[in-house]
There are 2 protein chains.
Amino acid sequence: MAVKAIEKLSASLEDYLEAIYHLTAGQEVARSKDIAEAMKVSRASVTGALKTLSEKGMVYYKPYGYATLTEKGQQVARRVVRRHEILTRFFGELLGADPSIAQAAACRAEHTLGLEITARLMAFIEFVSKTQDDGQDITKQFQQYWERLRNAECKM
Amino acid sequence: MAVKAIEKLSASLEDYLEAIYHLTAGQEVARSKDIAEAMKVSRASVTGALKTLSEKGMVYYKPYGYATLTEKGQQVARRVVRRHEILTRFFGELLGADPSIAQAAACRAEHTLGLEITARLMAFIEFVSKTQDDGQDITKQFQQYWERLRNAECKM
DNA sequence: TAATATAGTTAGCCGCCCCTAACTTTTCAA
DNA sequence: TTGAAAAGTTAGGGGCGGCTAACTATATTA
């Protein structure tokens, strides 16, 4: 095939890319220790992951140096971050889940969504936010529906 | 705590429970070979999983016998199946993804959803299907929105 | 009922990803 | 500038969940 498929990484490696992406977002640089803290894993695990990611051409990294994303790594990271954001918004804004719950769920689900579903979910969120302008406001209506459900349950 | 939390299983073990659940749904019985075929793993892997699930009190199983779900196993399996169905409906009916894509995505995501999100997603699907009766039909509106998006992209 | 085919198990291997402990390199401050 | 603290690496181990190959038990059928 002519088009190169985007590299397929494990959920764990995607998480490392995501962490590096966020750490390098300011002007800062991704130090091993910070990655370890952000991901709540040991520094040794980070070393191993960086080695693997470097072999796969996802990060620039030399022993005792800091990590930066390659072009390829950036692409993958952005895709993961995008999915994370979409899911967080969906769970939080639309379904009305508590932010911390929405975050956590997004973290776990972000590695399982394909291109097609991601695009459609994104579109759906856009679609719903557009209806807020023309009086329908699906979000608010659902919120009311949900409250009624909850109350009904509590009375039983 | 007084209430016993539902046993936490790995995604893989949940998949085994799901497979056994479906195989034993008719009057049939879950044979090791059928589980292997359904899940596309080796028979040896099934033996290992059944041993683990049996230790965890999720299946009744004796070597060279067939597998049945215990009460606890049924509970977990039903919960997984429920999530699978909810996700399939959401991806398929609501987002309008192709059934096979919706299925596959549901398979992967079903192990990542917590109680809260599952309940809200379920409610959301109910909510949307109810709006179809009173003239709004969110599904149809989104379908049109999506088509317009697709066409816009194709023209570029 | 004996032989063979089928189903199930065991043993042993591998990859992934985490860990701790001990060692090396780098940084920083006295 | 040198020695201690901090950061990073290496070595080795464990759990999980796949796999194949070889063995055992069960079923079938000639």
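Naming: A, B, ... by sequence-line order, numbering from 1 per chain. Excluded from the calculations below are hydrogen atoms, water molecules and symmetry mates; all remaining heavy atoms, backbone and side chain alike, are included.
Linking Ile, Leu, Val, Met, Phe, Trp and Tyr whenever their side-chain heavy atoms come within less than 4.5 Å leaves Y60(A) and L53(A) in two separate clusters. Under the 4.5 Å side-chain heavy-atom criterion for Ile, Leu, Val, Met, Phe, Trp and Tyr, V41(A) and Y66(A) are members of distinct hydrophobic clusters.
Rounded to an integer number of Å, the gap from K51(A) NZ to dA11(D) C1' is 10 Å. With rounding to whole Å, L50(B) atom CG is found 10 Å from dG8(C) atom C1'. With rounding to whole Å, L17(A) atom CG is found 12 Å from dC17(C) atom P. The nearest whole Å value for the distance from the CG atom in D15(A) to the P atom in dC17(C) is 10 Å. In this structure, L9(A) atom CG and dC16(C) atom P are separated by 11 Å, rounded to whole Å. A straight line from CD1 of I35(A) to C1' of dC17(C) spans 16 Å, rounded to a whole angstrom. The separation between R31(A) atom CZ and dA7(D) atom P is 6 Å, rounded to whole Å. Rounded to whole Å, the distance from NZ on K33(A) to P on dC28(C) is 13 Å.
Defined by atom type and a distance below 3.5 Å, a donor-acceptor pair is missing between the side-chain atoms of Q75(A) and R79(A).
T52(B) comes within contact range of no nucleotide atom at all, as no heavy-atom separation falls under 4.0 Å.
Closest-nucleotide positions on DNA chain C for T47(B) and A11(A) were compared, and the one nearer the 5' end corresponds to T47(B).
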Decide salt bridge (Lys or Arg N to Asp or Glu O under 4.0 Å) for K33(B) and E37(B); before the verdict, give the C-alpha distance in whole Å, the side-chain angles of both, and the deciding distance to 0.1 Å. CA-CA 6 Å; K33(B) 198 216 169 200; E37(B) 259 164 29; 3.2 Å; yes
Salt bridge (Lys or Arg N to Asp or Glu O under 4.0 Å) between R120(B) and E116(B), intermediate numbers included: CA-CA 6 Å; R120(B) 286 183 184 266; E116(B) 172 85 11; 2.7 Å; yes
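Of the possible donor and acceptor atoms, one in the side chain of T70(A) sits under 3.5 Å from a partner among the backbone N and O of G57(A).
Taking all atoms of both residues into account, the shortest heavy-atom contact from R108(A) to L113(B) is NH1-N, 4.1 Å.
Near-neighbour residues of DNA chain C inside residues 53-66 of chain B, defined by a heavy atom below 4.0 Å, number-ordered: Y61(B), P63(B), Y64(B).
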Under 3.5 Å between N/O atoms: give me all the protein pairs with nucleotides 18-22 of chain C, atom names plus distance.
{"residue": "dC18(C)", "atom": "OP1", "partner": "S12(A)", "partner atom": "OG", "Å": "3.3"}
{"residue": "dC18(C)", "atom": "OP2", "partner": "Y16(A)", "partner atom": "OH", "Å": "3.0"}
{"residue": "dC19(C)", "atom": "OP2", "partner": "S42(A)", "partner atom": "N", "Å": "2.7"}
{"residue": "dC19(C)", "atom": "OP2", "partner": "S42(A)", "partner atom": "OG", "Å": "3.1"}
{"residue": "dC19(C)", "atom": "OP2", "partner": "S45(A)", "partner atom": "OG", "Å": "2.7"}

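Between T47(A) and Y61(A), some side-chain heavy-atom pair lies under the 4.5 Å cut-off.
Ring orientation note: the planes of Y145(B) and F127(A) are tilted relative to one another, at an angle of 30° to 60°.
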